[in-house]
Amino acid sequence: MMGTSIWHPFTQHGLREPIPEIVRAEGAALYTKEGQRIIDGISSWWVNTHGHCHPRIAAAIAQQASQLDQMIFAGWTHGPAQELAHGLRPIMPPDLTRVFFSDSGSTAVEVALKMALGYWRSRKGEARHRIVVMEHSYHGDTIGAMSVGARGVFNQAYEPLLFNTITIPFPAPGREQATLDALEAASHDAAAFIVEPLILGAGGMLVYPPAVLAEMREICARHGVLFIADEVMTGWGRTGTLLACEQANVTPDILCLSKGLTGGSVPLAVTMAIEPVYQAHYSKDRADMFFHSSSYTANPIACAAANANLAIWAEEPVMQRIDTLARKQQAFVDSLRSVPTVENARRCGTIAAFDIKVPFGQRGYMAGLAPALLAYYRERGLLLRPLGNTVYAMPPYCIATADLAALHEGLVQSVDEAV
Ligand SMILES: *Cc1c(COP(=O)(O)O)cnc(C)c1O
């Protein structure tokens, strides 16, 4: 059998669940080998923004691939990376003067953490190293990124390798002050606070208000704690604005971007930093340089894809598509208020989520519901992936009205099937 040696991510092969083969994609749809059309309800795990195989991005990749494919980025440079850094500056917060390239959300986070520690190391006699994190956070699956994320069944086996952090509670409605108090208390000797702005993705699409984000930023500023915004999922319009931080008027000290950076076509990430973080690594001493690279840092083909993404943002009505999608998602969320098996229906920008009411013991990621739901969606040609008893729709911005309606209908009907 072809493909039987592949070890898939986040997949329990022992359950022998079907693994459909996709042969092509277009817009908000994927097509299986058998010709079934699948509606991409989760933007292929939160990466796709303008739809699959956007002609402009595909053309940029093809063009770049035949001109300059890959080259070392330590001590050398190339046009696509320069163009991208130049293009990011005016659309990102002006204080973020420096652009460091890597190749995934996890590495963007690792880079951010290393920058923060490097910054504090340069402040002689004040070497802070503690990282403050938010309950239920997710920042990636490498060891450092797991360390600053929530602990659970996914990382239990690796617990001995994870470093200690200070966790502040999630600002659930009515408990915001506890979050702010905990951050204040942790801030006196912390190096950095890392957070997903406005919505915690893998933690269950948990939403909190911009005002809390703004207050957390204030507290960090007051204590000199570096504020790291992990916008790997929230960036590129997902929450209704280019960055989620915009909605709180927040400029982070360090910003992580990936997923939608190339429109979701090829892997690339950037970590942007304020000037003092860069200056902390700037001297005549080689020992002070920023010690990080990966082989494919600033891959020219990926940079070309990102430049095409920026051109799409500049020239196509992307914000209009986002507003339209957000409005339809809100109407869906409103319609859920009358469904008795559903609770906590919520929306953040283009993301709509709700929880299926289940007995308390069955909550969380391993909730028994997920396999039945997955099978149900697969049969109906919907790419959706529950987070425990939380289900959500996060489609590409170009999704057609009929496809979105099919997603919504599938989500609601799956609840009846599952409960
Ligand atoms: C997906 C994600 C990451 C990790 O990105 P990868 O490219 O999968 O390594 C980090 N942070 C957040 C908020 C994410 O959603």
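Worth knowing before you read on, the calculation uses all heavy atoms, side chains too, and leaves out hydrogens, waters and symmetry mates. Both counts, for ligands and for their atoms, begin at 1 and track the order of listing.
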**OP:** Using side chain to side chain contact (heavy atoms under 4.5 Å, CB included) as the criterion, list what pairs up with Asp403, not counting sequence neighbours.
**Re:**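 Side chain to side chain contact (heavy atoms under 4.5 Å, CB included) check on Asp403 returns Arg37, Ile39, Ile399, Ala400.
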Subject >> Partners passing side chain to side chain contact (heavy atoms under 4.5 Å, CB included) against Asp95 (at least two apart in sequence or in another chain) >> reply: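 Only Thr251, Ile274 meet the side chain to side chain contact (heavy atoms under 4.5 Å, CB included) criterion with Asp95.
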Subject >> Contacts of Arg321 that satisfy side chain to side chain donor-acceptor pair (under 3.5 Å) - sequence neighbours left out >> reply: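 Checked Arg321 against side chain to side chain donor-acceptor pair (under 3.5 Å); matches are Glu316.
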Original post:
Between the side chains of Gln330 and Asp334, is a donor N or O closer than 3.5 angstrom to an acceptor N or O?
Top reply: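 There is such a pair between these side chains.
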Subject >> Lys/Arg-Asp/Glu bridge criterion (N-O < 4.0 Å) met for Glu26, Arg24 >> reply: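 The answer is yes: the pair qualifies as a salt bridge.
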Original post:
Using a 4.0 angstrom limit on heavy atoms, which residues are close to ligand 1?
Top reply: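 Correct list: Trp46, Ser104, Gly105, Ser106, Tyr138, His139, Gly140, Glu196, Asp230, Val232, Met233, Lys259.
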**OP:** May I ask you to check whether over 12 heavy atoms, not counting those of Arg222, lie within 6.0 Å of atom CZ?
**Re:**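 Yes, CZ of Arg222 has more than 12 neighbouring heavy atoms, counting only those of other groups under 6.0 Å.
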